[in-house]
Every structure is written in structure tokens, then in C-alpha cells.
Amino acid sequence: MARKHLLVVAHAPSDNTRKLVDAVLQGAHHPDIDNVSTRWVPPLQATPEDVLQADAIILGTTENLGYMSGALKDFFDRCYYPVLEEKQGLPCALYIRAGMDGTGTRRAIESIVTGLRWNWARDPLVLRGEWQPGFVDEAEELGLYMAAGLDSGIF
Ligand SMILES: Cc1cc2nc3c(=O)[nH]c(=O)nc-3n(C[C@H](O)[C@H](O)[C@H](O)COP(=O)(O)O)c2cc1C
């Protein structure tokens, strides 16, 4: 079976958000996952080619000023049309780190994902409020879920 590619496009501007990316990657690199390569690319560096090569994607962002990070928005601005035709149906997941809310970010990304016709592999994860160590476990579980879905052919 051809190796599958899981792309993580996540903004990680703080120690806590870096912990979230690391946890997603750790989950995706679970020893039981044989056939999936997972790669984190910060959104400002992610290209349409990265998306075209991906079999599934995990998006991650902070909420800033009621919206997704400018970095993730820049990713969508550059990549939306170049991937629109080819990547319809791409399984996707999302986590949001929000100091207090997350709603505006979730709504905006859901709208973009609808336009792209990507498929939600699971509901967006909103990690809201004061930092909790359990957020790391939720992020790890998300990475594992997506990698396992690819590995087993469910997606
Ligand atoms: C300029 C700025 C704007 C922010 N705006 C929001 C916001 O609108 N809603 C929200 O829930 N959190 C907001 N936050 C909090 C960030 O989401 C939070 O600090 C970020 O996710 C990093 O999490 P951490 O502090 O646990 O590292 C903002 C933070 C900054 C620096």
C-alpha cells in the first residue's frame, strides 16, 4: 500500500501552542501507525504543493482578535485556488487555541473548508480558556485519530 501523507499546518507562536503541535505529532507518530508520514509546516511556509501531496490535513491556529491567526489566513489566501480543484474531499481536522472564545475562528475556518469542499474527519477541537495540561492529551489524540484513519484506510 502506498505511504500516506498527513500534513499539519499549525501556527505555534507560544510555548503552549508549541506543546500542542508537538502533541499532535507525537500522536500521529504512534508506534502502531505503520504507513503514514506526518509533517508539520508552519502556515507561513506551507505551499500549495504541500497540500497537493497530502492525503489528510490538520489545521491549527490561535484565535487572535476574534479570528484565525494572520499566518493561517495567509496560508488560505495563497493556497485556496491552487488546490481547489484537486483536493476536494481532503479529510481535515482543526484545533484552535483560544484564550477566551474561539467562535469567530471556528466559523471562519468552517466557511473556508466548506468552500474548499474538504471533509471534516471530526469536529473542530476548541481549547478554550486558561491553559490546561489536558489540552496536550486532546491534541495528541487528534494526531493519533487522523493518522490512524489514514493508516487503516478509513479516510
Ligand atoms: C493580539 C492577541 C489577540 C487575541 N485575541 C483573542 C481573541 O479574540 N479570542 C481569544 O479567545 N483569545 C485571544 N487571544 C489569546 C490567544 O488566543 C492565546 O494567547 C493564544 O492562543 C496562545 O495561547 P497561550 O497563551 O496558552 O500560549 C489573543 C492574544 C493576542 C496576543
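Whatever order the structure lists them in is the order used to number ligands and atoms, beginning at 1.
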Under 3.5 Å: N/O of [X] near N/O of ligand 1:
X: T62; answer: no
X: T17; answer: no
X: N16; answer: yes
X: G66; answer: yes
X: N64; answer: no

Under the side chain to side chain contact (heavy atoms under 4.5 Å, CB included) rule, what do L20 and F135 come out as? Steps first, then yes or no, please. CA-CA 7 Å; L20 296 177; F135 290 163; 4.0 Å; yes
Evaluate the side chain to side chain contact (heavy atoms under 4.5 Å, CB included) criterion for residues L90 and N119: first the C-alpha distance (whole Å), next the side-chain angles of each, then the deciding distance (0.1 Å), finally the verdict. CA-CA 6 Å; L90 182 70; N119 280 340; over 6 Å; no
For S14 and N16, does a side-chain donor sit closer than 3.5 Å to a side-chain acceptor? no
Is it the case that the side chains of T61 and S69 hold a donor-acceptor pair, with the cut-off being a distance below 3.5 Å and no angle test? yes
Flag, side chain of K87 to backbone of L52, donor-acceptor distance under 3.5 Å: yes
For the pair R39 (side chain) and L7 (backbone), establish whether a donor and an acceptor sit closer than 3.5 Å, ignoring hydrogens and angles. no
Per-atom contacts of ligand 1 with D101, taking only distances under 4.0 Å to non-hydrogen atoms: 10 (C), 11 (O)
Contacting atoms of ligand 1, where contact means under 4.0 angstrom from a heavy atom of G99: 10 (C), 11 (O), 12 (N), 15 (C), 16 (C), 17 (O)
Would you verify that at least one protein heavy atom lies under 4.0 Å from atom 24 (P) of ligand 1, or report that none does? yes
I need the L84 CG to C79 SG distance, nearest 0.5 Å. 12.0 Å
What protein heavy atom lies closest to atom 22 (C) of ligand 1? Include the residue and the distance to one decimal. S14 OG, 3.8 Å
Atom 1 (C) of ligand 1: which of L20, I96, L65 has the nearest heavy atom? L65
Of the choices H11, R18, K19, E63, which has the non-hydrogen atom that lies closest to atom 17 (O) of ligand 1? E63
Using the side chain to side chain contact (heavy atoms under 4.5 Å, CB included) rule, take W118 and L59 through it: C-alpha gap first, then chi angles, then the decisive distance, then the call. CA-CA 12 Å; W118 293 355; L59 303 163; 4.3 Å; yes
